[in-house]
Amino acid sequence: MLELKFIRNNPEIVARGISAKNADADIGALLALDEKRRDLLVMSEKLKAERNRANQEIAKAKKGGKPDQALIERMKEISSRIKALDTEVAELEEDIHKMLLTVPNLPHESVPPGASEKDNQEIKRWGEPKEFAYEPRPHWEIGEQLGILDGKRASKLAGSGFALFNGVGALLERALINWMLDVHVTKQGYTEVSTPFIATRDCMVGTGQLPKMEEDMYLVETDDLFLIPTAEVPVTNLHREEILDSSRLPLYYTAYTPCFRREAGSYGKDTRGLIRIHQFDKVEMVKFVKPETSCDELESLLADAEALLQMLDLHYRVLELCTADLSFASSKCYDIEVWAPGANSYLEVSSCSNFEDFQARRAGIRYRPEQGAKPEYVHTLNGSGLALPRTVAALLETCQNPDGSVTIPEVLRPYMHGMEKIGKS
RNA sequence: GGAGAGGUGGCCGAGCUGGUUGAAGGCGGCACCCUGCUAAGGUGUUGUAGGGGUAACUCUACCGAGGGUUCGAAUCCCUCCCUCUCCGCCA
């Protein structure tokens with residue numbers, strides 16, 4: 001959420017930022033409502049001041065035993081006017097707030113301009129695409145042949161767009177989760193949390209999924225609770241409505257959670273294998289930092305995510321998203337895409353974003369810069385480290401052998417009972 | 001799901017027979033004083049948000065959330081949410 005005052009004072013900057021993001025929001029209408037609200041507020045508050053003065057008089061008079069009946073009658077009238085004004089103000093405030101929630105975050109000044117995802121900038125390549133003497137097979141074939149992926153039965157359980165890992169496949173999934181968490185905790189300074197996989201509407205608004213993305217979420221209607229689309233939601237909301245001690249910052253958290261996404265509107269896209277499914281596992285990193293450090297923190301967050309792919313020895317590239325491809329809440333974002341030779345494409349396995357104070361303002365996450373100073377909003381960041389199914393896909397495809405087996409990366413072997421290869425079982 | 005208790009400022013905790021209570025008291029924080037050092041002690045100060053004003057300043061709101069009663073509500077009434085205890089059910 002942007003600050004209303006900021007919009008009021010910088011309408012043209014806001015408008016420019018919104019259009020750079022290819023979004024639209026009616027700033028003019030918003031500001032008109034705001035002006036009306038302030039007019040009514042002044043009227044109401046003047047009346048309230050009068051009422052407060054009168055109330056003291058009445059209280060004093062009553063002690064003497066003779067309340068002024070005429071004054072009470074007049075206050076009755078004023079009270080009803082106040083009530084009417086306040087009702088109107090409250091309605092305006094609600095409208096303004098609703099509109100404010102639909103205004104996207106502005107791109108950071110360093111973000112390259114662009115009209116679509118085609119204008120994203122590739123800023124880095126690590127490693128080389130592995131060479132094959134034969135046509136490398138896609139992970140869905142490898143997985144089915146090794147008996148570690150069972151797409152048919154997955155759809156029996158939950159319909160299309162779900163995965164079922166079998167035997168060593170399930171072990172591989174679990175090994176990756178444990179290994180990633182261990183790297184974040186023991187080598188990169190994150191604190192592990194294990195959160196609910198369901199979140200309230202307030203949480204979803206706090207991180208920016210709502211109100212815009214409601215169709216993309218699974219809603220448990222009976223309780224008005226949402227299945228989380230990413231651990232970003234519960235972890236960022238951990239400190240909702242809190243004033244954090246400045247000495248505690250920066251706070252680094254990591255969490256494993258499943259992620260649930262309806263993927264409404266992307267039917268027919270990436271339907272094969274593990275590339276786009278409704279439920280997937282992910283290890284996420286979330287940071288709460290002081291504003292002046294958030295740019296650097298984004299770089300180190302990206303490095304922490306990259307480190308995982310480097311240890312797995314998987315080739316990847318890093319894209320800096322252009323203004324048009326930035327998500328609603330982010331001000332700057334890097335995507336990491338891992339090379340999947342069988343699918344013959346780069347797969348997004350991590351998205352590292354700086355939200356600046358956009359989420360913090362929505363969720364009320366603040367800190368006190370100095371003892372006794374006014375609380376200010378923290379900056380929040382998050383990045384996947386990493387999304388599991390696509391990592392598994394790239395791994396199976398990259399580490400496949402001519403005989404159909406898959407060599408397990410060394411770092412994972414301790415997590416897989418020392419196993420070196422996945423063969424046919 | 002049933003019965004009961006409760007939700008007050010950074011924290012703990014009074015007030016809850018309606019009226020200078022934004023809110024006693026304590027802890028913590030900050031400033032100053034005292035002190036050979038440390039510890040202890042003394043005095044003062046210390047919430048958030050939204051308006052108005054060039055400014056000094058000033059007004060308003062906030063005691064879980066939302067309604068109601070009243071000239072006036074942290075205090076009375078209703079609804080909802082959350083926490084705790086006991087019972088039931090269940091991993």
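Quick note on labels: first sequence line is chain A, next is B, and so on, each numbered from 1. All values reported here derive from a predicted model rather than from experimental measurement.
Nearest to the side chain of A:N55, among B:rG52, B:rG72, B:rA61, sits B:rG72. Nearest nucleotide to the A:V42 side chain, out of B:rC71, B:rG52, B:rC59: B:rG52. Taking only side-chain atoms of A:K83, from C-beta outward, the nucleotide of B:rU69, B:rU60, B:rG51 with the closest atom is B:rU69. Of the candidates B:rC71, B:rU60, B:rU69, B:rC71 carries the atom nearest the A:S79 side chain, counting heavy atoms from C-beta on. Taking the side chain of A:R37 as heavy atoms from C-beta on, and the options B:rC59, B:rG50, B:rU48, the nearest nucleotide is B:rG50. For A:R8, taking side-chain heavy atoms from C-beta onward, the closest of the listed nucleotides B:rG51, B:rA61, B:rU48 is B:rG51. Distance from the side chain of A:K62 is smallest to B:rC71 among B:rC71, B:rU60, B:rG51. Distances from the side chain of A:I58 to the nucleotides B:rG51, B:rG19, B:rA49 place B:rG19 closest. Side chain of A:P375, nearest nucleotide from B:rG19, B:rG51, B:rU48: B:rU48. Distance from the side chain of A:R366 is smallest for B:rU48 among the nucleotides B:rC71, B:rU48, B:rA61.
Both A:E50 and A:Y377 lie near RNA chain B, and the one whose nearest nucleotide falls closer to the 5' end is A:Y377. Nearest-nucleotide positions on RNA chain B for A:A59 and A:R53 put A:A59 closer to the 5' end.
In terms of the side-chain hydrogen bond (donor to acceptor under 3.5 Å, both in side chains) criterion, A:R16 has no residue partners (sequence neighbours excluded).
One can place CZ of A:R51 at 13 Å from P of B:rU70, the figure rounded to the nearest angstrom.
A salt bridge is defined here as a Lys NZ or Arg NE, NH1 or NH2 lying under 4.0 Å from an Asp or Glu carboxylate O, and A:R201 with A:E214 meets this definition.
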